There are 2 protein chains.
Amino acid sequence: MVLLPTSVALAAVIIAVTDEVPRVLLVRPSADQDTEADALPSGEFDPAEHSSLDRGVRGWVKVHTGLSVRYVEQLYTFGNRYRDAAELHGGPRLLTVAYLVLSPEHVVTSGEQAVWRDWYSYLPWEDWREGRPAVIDEVIQPGLERWVKSSADAALRATREERVGLCFGCGKGAKRDPVLALERYELLYEAGLVAEALRDRVLRERAEGRTPAPIDDMERSQAARLGTGLMRDDRRILAAALARLRGKLAYRPVVFELLPADFTLFQLQRVVEALVGARLHKQNFRRMLMQAGIVEATGQTQATGRGRPAELYRFRREATRVRAVVGIGLPTTRAVD
Amino acid sequence: MVLLPTSVALAAVIIAVTDEVPRVLLVRPSADQDTEADALPSGEFDPAEHSSLDRGVRGWVKVHTGLSVRYVEQLYTFGNRYRDAAELHGGPRLLTVAYLVLSPEHVVTSGEQAVWRDWYSYLPWEDWREGRPAVIDEVIQPGLERWVKSSADAALRATREERVGLCFGCGKGAKRDPVLALERYELLYEAGLVAEALRDRVLRERAEGRTPAPIDDMERSQAARLGTGLMRDDRRILAAALARLRGKLAYRPVVFELLPADFTLFQLQRVVEALVGARLHKQNFRRMLMQAGIVEATGQTQATGRGRPAELYRFRREATRVRAVVGIGLPTTRAVD
DNA sequence: AGAATTATGCTCGTGTAGAGCATAACGTGC
DNA sequence: GCACGTTATGCTCTACACGAGCATAATTCT
């Protein structure tokens, strides 16, 4: 029996969409912590109690929120050195298995210091519903340009330029790909634009016994415009969850895990738009749903106050049999050259 | 510092394609083991030596094969109870972080008992290049029908029927989806058709203190037709790797990690066919490559002995900038109602 | 009643992909 | 040298998915 100085944690990105806002559940750190940032709900994996990782996640989610969630999907396992600052002082290596958890909207938070937050307050460049976010032109583009220019050699410069183009490209024929959310966060981290990158730079230099270069005002104000930081690499995990969820929308009917049993097609569209971070064409969205056959009318209608009442629909679970690929197509705005 | 009775292993699914055969690298168990099945190369994660999980995998791959691999991608983390039979006798809980590793074809195995195996000898129902595999009609379909019929209640029966239809469905409008490889394996496991399911049934019953129901001859011969079993749940990991690789082909240019620098378009096609397990339309495949702009001609040609010599091409790395989505489209044979 | 608002139905144009015919460039056997 | 098989490459026809927008239906508000 081998005992490794490794601690295994389970972290959950719990998602719900209410009022067209995609929310993630975070916990506030206890008052006696010296860190201030919020964190994803997590807990240690206990092999004695948890017969599987999934069940471990469900257990911890129940502790944090009181919820018995249905949809749980493993995201990624993180194990980089110095993810946890405690490691610098001889703490064990922290391995985190991150999970994506989807919850219908009518969620009530019970338990401790848990709060629902708009996930775009942590990834503001991902929300294009009101058009191209101003933060891209004002902070990200210039910041990334400096980063590209500061490359040591031509090869590195080319690689960086390519990555920037792929992630934030707005040239001819370039379409924004909502699924690249993780790549975008990692780019901003490497370029030293987000708050965690600055924090970790200091930690790393301290670990190497050097005097940390101070964080200057421009860096700090830039980072502030790029949203709030989270504990450890929780924001990276959040970005990974967003990317996975967006990708999955296109080929699996996962949206319905976030909706009540009965819904109007427009409600469904609003939820998808919130997740994808882009507006969709109403009529085409309806057409796609109908010809995929993944929803069926209940016969009832729902009045919203004004305008024609919308028909209520429900998810057809049997639909998965008909077509292997069922899902919500992501928008690919035709190049407007 | 918390010490958990948990052992963290890194396992690698190392893939190469030679002579139109997709191969996976396996290690033979040492002679003093009581188990006979081959296993994926793996090793314990050592936080003292490995600064990240990726680097740990590279390290172990080097030990097992002598290779310095380029493409490494995390697949999934497995942590179910009783994955490792040693756990029954008080051994630690085994957590395995599985990785997909791609290697160009000209690989020479050095080191220990490592052998390249055709991965379809473990998943014979996944290779449709010579048409629908006979094993599906002869073993799988009847076996799954029995499983569906043996359901306790109508609801379970409906769920099972749906899963069978999705995974192996050949009804109207149903297309075979190469990406569902993992779902197919898991279905066969749950239905008790593959060898590991029989093995684990005995283990589970023994763990619960019951007298294990014997494995009858029909079960044994069925399982034998469904390919060779591997150690632990390594075959599930292999299925997961296959599914991930097939899925990734469609939106990322990963095939080129398995090819030499220069190749003919037909060689490229053969590799993709080997991975997807299906034949492709030659002309359409070429057209797709050209209009995606992911390859460029070198100007040289290669004679195969007979027939017109083919032009040599190389991968255009810059191509990723042009279109966010670059990859090899998977075939979707049009419904032949 | 009429305007505003929301839901729903339908069409048009374009791009993509499945399928197959036609031609080009090489070997082999006579 | 010539017919033939074989492989590579170019092109067309067609069905379908999807972006975009017009038109109509069913409500509420004034």
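Hydrogens, waters and symmetry mates play no part in the numbers below; they use all other heavy atoms, side chains included. Since the model is a prediction, treat every value here as computed from it, not as a measurement. We name chains A, B, ... by the order of the sequence lines, and we start the count at 1 in each one.
For A:Phe263 and A:Phe315, the ring centers sit 6.0 Å or farther from each other.
For the pair B:Gln267 CD and D:dT9 P, the interatomic distance rounds to 11 Å; values are reported in whole Å. Between B:Leu312 atom CG and D:dT9 atom C1' there is a gap of 15 Å when expressed in whole angstrom units. Computed from coordinates, the A:Gln269 CD to C:dT8 P distance equals 11 Å when rounded to whole Å. In this structure, B:Phe285 atom CZ and C:dT16 atom C1' are separated by 16 Å, rounded to whole Å. Regarding A:Gln302, its CD atom lies at a distance of 19 Å from the P atom of D:dA26, rounded to whole Å. One interatomic measurement links the two molecules: CG of A:Leu289 to P of D:dC18, which rounds to 11 Å at whole-angstrom precision. Whole-Å rounding puts the A:Glu311 CD to D:dA25 C1' distance at 13 Å. A straight line from CZ of A:Arg279 to P of D:dG19 spans 16 Å, rounded to a whole angstrom.
In this structure, B:Phe266 and A:Arg287 both approach DNA chain D, and ranking their closest nucleotides by distance from the 5' end singles out B:Phe266. Checking A:Thr304 against A:Met290, the closest nucleotide of DNA chain C that is more toward the 5' end is the one next to A:Thr304.
For the pair B:Val101 and B:Ile15, the minimum side-chain heavy-atom distance is 4.5 Å or more. Two residues are said to be in side-chain contact when any heavy atoms from C-beta on lie closer than 4.5 Å; B:Glu186 and B:Arg236 meet this criterion.
Atom CD of B:Gln269 is separated from atom CG of B:Leu289 by 9.0 Å, given to the nearest 0.5 angstrom. To the nearest 0.5 Å, atoms CG (B:Leu180) and CD (B:Glu126) are separated by 8.5 Å. Distance CZ/B:Arg314 to CD/B:Glu296: 5.0 Å, rounded to 0.5 Å.
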Protein-to-nucleotide contact annotation, 5' to 3' order, nucleotides 21-30 of chain C [B base; S sugar-phosphate only; - none; under 4.0 Å, heavy atom]:
B--BBBS---

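Checking D:dA20, C:dT8, C:dA19 against every side-chain atom of B:Asn284, the shortest atom distance belongs to C:dA19.
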B:Gln267 and B:Gln302: side-chain hydrogen bond (donor to acceptor under 3.5 Å, both in side chains), yes or no, with the steps?
CA-CA 11 Å; B:Gln267 281 168 7; B:Gln302 187 184 57; 3.0 Å; yes

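Look at A:Lys282 and you'll find a side-chain N or O under 4.0 angstrom from OP1 or OP2 of C:dA7.
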